[in-house]
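The structure under discussion appears below in the form of structure tokens.
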Amino acid sequence: MALSRDQIAQRVAKELQDGFYVNLGIGIPTLVANFVPKGIDVMLQSENGLLGMGQFPTEDELDADLINAGKQTVTMATGASIFDSAQSFAMIRGGHVDLTVLGAFEVDVNGNIASYMIPGKLIKGMGGAMDLVAGADNIIVTMTHASKHGESKLLTNCSLPLTGKACIKKVLTDLAFIEIKQGKFHLLERAPGVSVEEILKLTAGELVVPEYVPEMQF
Amino acid sequence: MSGFNKVVDSYEEAMAGLTDDMTVVAGGFGLCGIPENLIAEIKRKGIKGLTVVSNNCGVDDFGLGLLLPNRQIRKIVASYVGENAEFERQMMSGELEVELTPQGTLAEKMRAGGAGIPAFYTATGVGTPVAVGKDERKFNGRDYILEEAITGDFAIVKAWKADKFGNLVFRKTARNFNPMAATAGKITVVEVEIIVEPGEIDPDEIHTPGIYVNRLIQGTFEKRIEQRTTRPKGV
């Protein structure tokens, strides 16, 4: 069975380590915050200028001056700090964020990522995604493995305009956990009940499959 | 009255001198920390042909979106746009020029502009449409592109509190682009919720020193929320 959005987030959360500063993108990445393993402290960075993002506010706590990068009202966790946008991207660009999780339209075997623009359709902009992929060493891309029409999103070459070049090393889809190295996809894990053949069929770029591919554990 | 007193009495006075075709650098992220009354004053003045530099362009009936129906903005430099229908229509028809700029690069362009640095190298955007036409250079084996700084004829800023000398304190994530925008205007206009006497703000607590501020006005704010997300009590 392909993973649900929550299951993708749950698997990503297993990559969190105690003391990590983490930036979560909009969509599935945001859900990762719901699955932080017990006994682990992470601090969430929101690129509009908040380190230590807390949960949503109650009606009483609601504050128009306190939002996350998705423009949702939030609260601050204990030990949070506030800063301006230049400072925020200094931490991102300067490589100080331990893990970045973001979505994408396409990823290719050379670690290129396309995530911000579909020519001919409405162009909304890259927001902070280009800075995040350029600045972070440890990035996990979350997305569905293929489109609704069965077209692979793991390609030999991205077809859409790039968000970043040669910067992605790990992709977690609804079918598989994949590493990108030496110009190839490498299959690390498969979703429970999903066969290697199924993953191969929906992976357009070259996929290296080891003899044994474990099922994901949650 | 001290020569350092930046307080003006009306929004008309605050935006005096803004004329057609000028560049305006604006603070704010989404609808958070936007200089909402200064934007409304630009709408009232009917200034046209503006180049606006701001992370976003408001929504249909609030923030910078208010300047769209009368075609007051000719060009927008932003990282994320399109939360409103009129914006989409003008962009698709080519009436509105949009220069998409990565968010961190945009913040740094304002910061550099205000700090007298004409350009800087960044890895952000290398190999993407953002890099087209820009100088590229390698440092320590990695590719970088040259991004030019931004300054504006005017900067419009929202802060929480100021003293009359224009020393500013921002509140929570309403800070965002405002401190950089404040440095990047030939004329920087700031609107705040509270104005106090000089000396009443601890100098250690000041986020933006008054040297960057030309005009200061106290306003009342709607502070519209774009995505109202809450949790039930007791969770």
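The sequence lines fix the lettering, A, B, ..., with proteins before strands; numbering per chain opens at 1. These figures come from a predicted structure and were not determined experimentally.
- A/Thr73 is not listed as a side-chain neighbour of B/Gln227, based on a closest heavy-atom distance of 4.5 Å or more.
- Neither the backbone nor the side chain of A/Asn112 comes within contact range of chain B; no heavy atoms are under 4.5 Å apart.
- The residue among A/Gly164, A/Pro57, A/Ala166 with the most heavy atom pairs within less than 4.5 Å of chain B is A/Pro57.
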* To do: Please report the C-alpha distance between B/Gln103 and A/Phe89 in whole Å, then the side-chain angles of each, then the deciding distance to 0.1 Å, and finally whether the side chain to side chain contact (heavy atoms under 4.5 Å, CB included) criterion is met.
  => CA-CA 8 Å; B/Gln103 198 173 123; A/Phe89 283 91; 3.3 Å; yes
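- Taking 4.5 Å as the limit, some side-chain heavy atom of A/Leu62 sits within range of a side-chain heavy atom of B/Ile225.
- Side chains of A/Met126 and B/Val130 form a contact here, defined as non-hydrogen atoms less than 4.5 Å apart.
- The nearest pair of heavy atoms linking B/Arg111 to A/Ala86 is CD-CB, 3.9 Å.
- For B/Tyr11, the OH atom is densely surrounded, since the number of other residues' heavy atoms within 6.0 Å is greater than 12.
- Residue contact with chain A, scored on non-hydrogen atoms closer than 4.5 Å, is absent for B/Asp143.
- Of the residues considered (B/Pro102, B/Ala174, B/Gly125), B/Pro102 shows the highest number of contacts with chain A, using heavy-atom pairs under 4.5 Å.
- Rounded to the nearest 0.5 angstrom, B/Phe177 CZ and A/Asn48 CG are separated by 9.5 Å.
- Side-chain contact between B/Pro129 and A/Tyr116 is present, with at least one heavy-atom pair separated by less than 4.5 Å.
- Chain B forms more heavy-atom pairs under 4.5 Å with one residue of A/Gly125, A/Gly135, A/Gly49, A/Ser88 than with any other, namely A/Gly125.
- Within a 6.0 Å radius of NZ in A/Lys184, other residues, nucleotides and ligands contribute 12 heavy atoms or fewer.
- Once rounded to the nearest 0.5 Å, the distance linking OG of A/Ser85 with CE of B/Met110 reads 8.0 Å.
- Looking at B/Thr230, its side chain never comes within 3.5 Å of a backbone N or O of A/Thr58 through a donor-acceptor pair.
- For A/Asp137, the CG atom counts as loosely surrounded, since its 6.0 Å shell holds 12 or fewer non-hydrogen atoms of other residues, nucleotides or ligands.
- Between chain A and the residues B/Thr105, B/Val98, B/Val126, the most heavy-atom pairs under 4.5 angstrom are made by B/Thr105.
- In terms of heavy-atom pairs under 4.5 Å with chain B, the best-connected choice from A/Asn68, A/Leu162, A/Val133, A/Asp84 is A/Asp84.
- Options B/Cys32, B/Gly104, B/Ala107 differ in how many heavy-atom pairs under 4.5 Å they form with chain A, and the most are formed by B/Gly104.
- Taking NZ from B/Lys172 and OG1 from A/Thr75, the interatomic distance works out to 9.5 Å, rounded to the nearest 0.5 Å.
- B/Arg228 contributes no side-chain N or O that, together with a main-chain N or O of A/Gln72, makes up a donor-acceptor pair within less than 3.5 Å.
- Residue A/Lys165 places its NZ atom among 12 or fewer non-hydrogen atoms of other residues, nucleotides or ligands, all under 6.0 Å distant.
- Taking 4.0 Å as the cut-off between side-chain N and carboxylate O, B/Arg171 and A/Asp65 count as a salt-bridged pair.
- Only the backbone of B/Pro232 comes within contact range of chain A, with heavy atoms under 4.5 Å apart.
- For B/Phe221, the CZ atom counts as densely surrounded, since its 6.0 Å shell holds more than 12 non-hydrogen atoms of other residues, nucleotides or ligands.
- In terms of heavy-atom pairs under 4.5 Å with chain B, the best-connected choice from A/Gln55, A/Lys71, A/Met76, A/Glu47 is A/Lys71.
- Atom OG1 in B/Thr122 sits 6.5 Å away from atom CG in A/Asp131 (nearest 0.5 Å).
- Residue B/Ile211 qualifies as open at atom CD1: its count of foreign heavy atoms under 6.0 Å is 12 or below.
- Of the listed residues A/Pro161, A/Ala64, A/Gly70, the one with more heavy-atom pairs under 4.5 angstrom with chain B than any other is A/Ala64.
- A salt bridge does not link B/Arg231 to A/Glu59: none of the charged nitrogens lies less than 4.0 Å from a carboxylate oxygen.
- Atom CD of B/Glu148 has 12 or fewer heavy atoms from other residues, nucleotides or ligands within 6.0 Å.
- At a 4.5 Å heavy-atom cutoff, the contact between A/Ile67 and chain B is made by backbone and side-chain atoms alike.
- Neither the backbone nor the side chain of A/Gln87 has a heavy atom closer than 4.5 Å to any heavy atom of chain B.
- Separating the CE atom in A/Met130 from the OG1 atom in B/Thr128 is a distance of 3.5 Å, to the nearest 0.5 Å.
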